[in-house]
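A quick note: this is a predicted structure, and the numbers were derived from the prediction, not measured. Ligands are counted one by one from 1 in listed order, and the atoms in each one are counted from 1 as well. Reckoned from all heavy atoms, side chains included, excluding hydrogens, waters and symmetry mates.
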Amino acid sequence: MNQSFDRHRRLRSSAAMRDLVRETVLQTDDLIYPIFVKEGNNTKTEVTSMPGVFQFPLHELEEEVAELIKLGIKAIILFGLPNDKDDIGTGAYHSHGIVQEATRLVKNIAPEMLVIADTCLCEFTDHGHCGVIENGEVQNDKSLALLKITALSQAEAGADIIAPSNMMDGFVKVIRDGLDEAGYQHIPIMSYAVKYASAFYGPFRDAANSAPQFGDRKTYQMDPANRLEALREAQSDEQEGADFLIVKPALSYLDIVRDVRDRTNLPVVAYNVSGEYAMVKAASANGWIDEQRIVMEMLTSMKRAGVSLIITYFAKDVARYLKGDA
Ligand code: PBG
């Protein structure tokens, strides 16, 4: 008998059929792994709120990089924990700063590994803000000058990609001009174009020891309620010369990912942030969820929303799942 409805189940009838019609595929090549590097000679320390994530001293970095290479992970993003902080974040742009030293080390032992340098000041300032403070406020243009020298020192150390994350207006332009003038025309900028003032960064601030010591980041990071503002941010960064656009956090902002994807031809990147990671790990430790399936579903949904790449603390786990040796 002929029915007058569509038979969608035809294309779901077997595993092979489902494989045949799958629209979105997550691969290890899509992943960027964040690494926290810390000054000093201690051993690596696990971040309490982020099980499986460590702060690495330089002398333990080589082993970690070797593991990443074995897993097929091709890109890392570095965050630094300096011994000393001051009010102008000197450690961020010192030629022997922790991120610069870690970059040199990784490029030396594994030249094929792409090193992305997070370009921000909050891990290096004693007040924990992402810029210069005057009269209790983060100063935009004075902070830009420091961001520029930070980016230059990272490029000089061998960083393959510069990833400015401090949300000052004009940061892509100033860094692009700075890189070009210094002969780094070939170094791309992966801009944190759309970065919300999010509670999902909580565990990162433990990991990077970068919580603001007064106030919050709401005068520079975006209001989670806003969508059109995200499109303006993305548009400015593209016009200023960004090569990649990051949307951050990821899970609660997949509508924004799709909006940005539909309006740019640049690669869009999701940052699957620390709080998103911690929630999954906590629920999984309690036996409340199937961690592997949840992680794969979350990351696949980011790709389905339109990203090309995902910065994620789950990168090693996912690489193992995809290899089939979970
Ligand atoms: C630096 C920076 C932050 C994160 C990445 N770069 C922290 C913040 O803005 O407070 C958060 C990443 C995460 O939560 O995983 N500005």
inquiry  = For the backbone of L121 and the side chain of H129, can you confirm whether one donor and one acceptor N or O come within less than 3.5 Å of each other?
reply    = no
request  = Return yes if some donor-acceptor pair links the side-chain N/O of R104 with the main-chain N/O of V99 below 3.5 Å, else return no.
outcome  = no
ask   = Heavy atom under 4.0 Å from ligand 1: found in C122's side chain, backbone, both, or neither?
value = side chain
note = Rounded to the nearest 0.5 angstrom, the CZ-CD distance for F54 and E46 is 4.0 Å
query = How far is atom 5 (C) of ligand 1 from its nearest protein heavy atom, and which residue and atom is that?
reply = K248 NZ, 2.6 Å
ask   = Nearest protein heavy atom to atom 14 (O) of ligand 1, by residue and atom, and its distance?
value = S274 OG, 2.7 Å
ask   = With only distance considered, is Y313 within less than 3.5 Å of ligand 1 through an N or O on each side?
value = yes
task = Establish, yes or no, whether the cationic atom of K195 lies under 6.0 Å from the six-membered ring centre of Y271 and within 45° of the ring axis.
result = no
request  = Look at atom 2 (C) of ligand 1 and say which protein heavy atom is nearest, naming residue and atom and giving the distance to 0.1 Å.
outcome  = K195 NZ, 3.4 Å
Atoms in ligand 1 flagged as close to Q221, the criterion being non-hydrogen separation under 4.0 Å = 8 (C), 9 (O)
query = Quick one: does Y271 get a heavy atom under 4.0 Å from ligand 1?
reply = yes
Geometric N/O contact R217 with ligand 1, under 3.5 angstrom = yes
task = Look at ligand 1 and say whether D118 reaches it with a heavy atom at a distance under 4.0 Å.
result = yes
remark   = To atom 8 (C) of ligand 1, the nearest of E276, M167, R205 on a heavy-atom basis is R205
key: Distance-only side-chain donor-acceptor flag, K38 / T45, under 3.5 Å   = yes
query = Should the pair F36 and Y313 be assigned to parallel (<30°), tilted (30 to 60°) or perpendicular (>60°) ring geometry?
reply = parallel
ask   = Atoms of ligand 1 less than 4.0 Å from F79 heavy atoms?
value = 5 (C), 6 (N)
inquiry  = Is a donor from one side chain sitting under 3.5 angstrom from an acceptor on the other, for Q154 and T119?
reply    = yes
query = Can a donor-acceptor pair be found between the side chains of H127 and Q213 at a distance below 3.5 Å?
reply = no
